[in-house]
Enquirer: 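Shown below is the structure under consideration.
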Amino acid sequence: MLRMNVIRIIVVSAFMLLSGCATYQPHNLGNICDIFWGETDWYEATRDAQRQWGTPIYVMMAIMHQESRFVDDAQPARPWFLGLIPLPRDSSAYGYAQAQNPVWEEYRRDRGNSGADRDNFEDAIDFIGWYTDGTQKRLKVSKWDAYGQYLAYHEGRGGYERKTYQGKPWLKKVAKKVKRRALRYNQQLKTCQTELDDQVDGWF
């Protein structure tokens, strides 16, 4: 009997540990309220990033949606030679924000946070706020301009200055999608933000 009880405790403990380590993956990506109610820590982290950098929550979340669909370990598809041999990926982009190695290291240095991880939501959303803030300062693109901010995010600030996006009609269409999603997220957030604030901050 004692042995069976010990086994049960071990099994239950292992299950709880695995459940606690599971990465949150929102199901309804089209509704920002559903996303945040599924994981209020995400809302708190995004609100903190907005307070730090001034970029609206709905703009940052629309950019992240486009980049990774909120998948923590998202990466560009790996090309294959003859369908058999895996080749190196074309980009070092990784994680929620799809940040590439050089700019992520720049972010780490600037924030004094060498432990920041691209597959950590809090770090990734702070990165997007940091990047959009830098874009506004350097390129004068409004933090409320989801279309322009996404173009600069995708092409890099230097690419945006050179207007590389002008030769990419497909990218302009994607940026318009980001703009539409940001507008939709903004309208949705207005219906649930007060309750989210109460949930995060407590009632008293």
Enquirer: Do Q149 and H154 have side chains that approach each other closer than 4.5 Å (heavy atoms only, starting at C-beta)?
Expert: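 No, their side chains stay 4.5 Å or more apart.
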Enquirer: What about the rings of Y96 and F70, do their centers lie closer together than 6.0 Å?
Expert: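 Centroid separation for Y96 and F70: 6.0 Å or greater.
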Enquirer: Heavy-atom distance under 4.5 Å between the side chains of I128 and T55, does that happen here?
Expert: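 I128 does not reach T55 side chain to side chain.
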Enquirer: A side-chain contact here means heavy atoms from C-beta on lying under 4.5 Å apart; do D41 and E122 qualify?
Expert: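 Side chain of D41 against side chain of E122, heavy atoms only: no contact under 4.5 Å found.
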Enquirer: Kindly indicate whether the side chain of D123, heavy atoms from C-beta on, has any atom under 4.5 Å from the side chain of W104.
Expert: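 Side-chain contact under 4.5 Å: yes.
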Enquirer: Which heavy atom in A152 sits nearest to a heavy atom in T135, and how many Å separate them?
Expert: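 Looking at all heavy atoms of both residues, the shortest contact is CB-CG2, 3.7 Å.
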Enquirer: Any non-hydrogen side-chain atom of F121 less than 4.5 Å from a side-chain atom of M64?
Expert: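 Yes, side chains in contact.
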Enquirer: Among K163, K168, R162, which residue meets the salt bridge (Lys or Arg N to Asp or Glu O under 4.0 Å) test with E155?
Expert: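 Between E155 and the candidates, salt bridge (Lys or Arg N to Asp or Glu O under 4.0 Å) is satisfied uniquely by K168.
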Enquirer: Indicate yes or no for a side-chain donor-acceptor contact from Y24 to the backbone of I35 under 3.5 Å, with no hydrogens or angles considered.
Expert: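 It does hold such a pair.
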Enquirer: Find out whether F36 and T40 are in side-chain contact, i.e. whether some heavy atom of one side chain is under 4.5 Å from a heavy atom of the other.
Expert: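 Counting from C-beta outward, F36 and T40 never come under 4.5 Å.
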Enquirer: Are L183 and M61 in one and the same hydrophobic cluster, where Ile, Leu, Val, Met, Phe, Trp and Tyr link if side-chain heavy atoms are under 4.5 Å apart?
Expert: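 No: no chain of side-chain contacts under 4.5 Å links L183 to M61.
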Enquirer: Taking the side chain as everything from C-beta on, heavy atoms only, tell me whether D197 gets closer than 4.5 Å to V200.
Expert: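 Side chain of D197 against side chain of V200, heavy atoms only: no contact under 4.5 Å found.
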Enquirer: Side chains of R108 and S114 only: does a donor on one sit below 3.5 Å from an acceptor on the other?
Expert: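 No, because no side-chain N or O of R108 sits under 3.5 Å from a partner of the opposite role on S114.
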Enquirer: Checking side-chain polar atoms at under 3.5 Å, does Y185 have a donor or acceptor matched by the opposite partner on N31?
Expert: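 Y185 vs N31: no donor-acceptor pair found between side chains.
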Enquirer: Is the closest side-chain donor-acceptor distance between E67 and Y153 under 3.5 Å?
Expert: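 Their side chains do not contain a donor-acceptor pair, so the 3.5 Å distance test is not met.
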Enquirer: Between K143 and D133, does any side-chain N to carboxylate O distance fall below 4.0 Å?
Expert: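 A salt bridge is present here (some side-chain N lies under 4.0 Å from a carboxylate O).
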Enquirer: Side chains of V59 and Y150, heavy atoms from C-beta outward: is any pair under 4.5 Å?
Expert: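 V59 does not reach Y150 side chain to side chain.
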Enquirer: Hey, are K140 and D145 close enough for a salt bridge, meaning a charged N less than 4.0 Å from a carboxylate O?
Expert: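 Salt bridge between K140 and D145, a charged N being under 4.0 Å from a carboxylate O: no.
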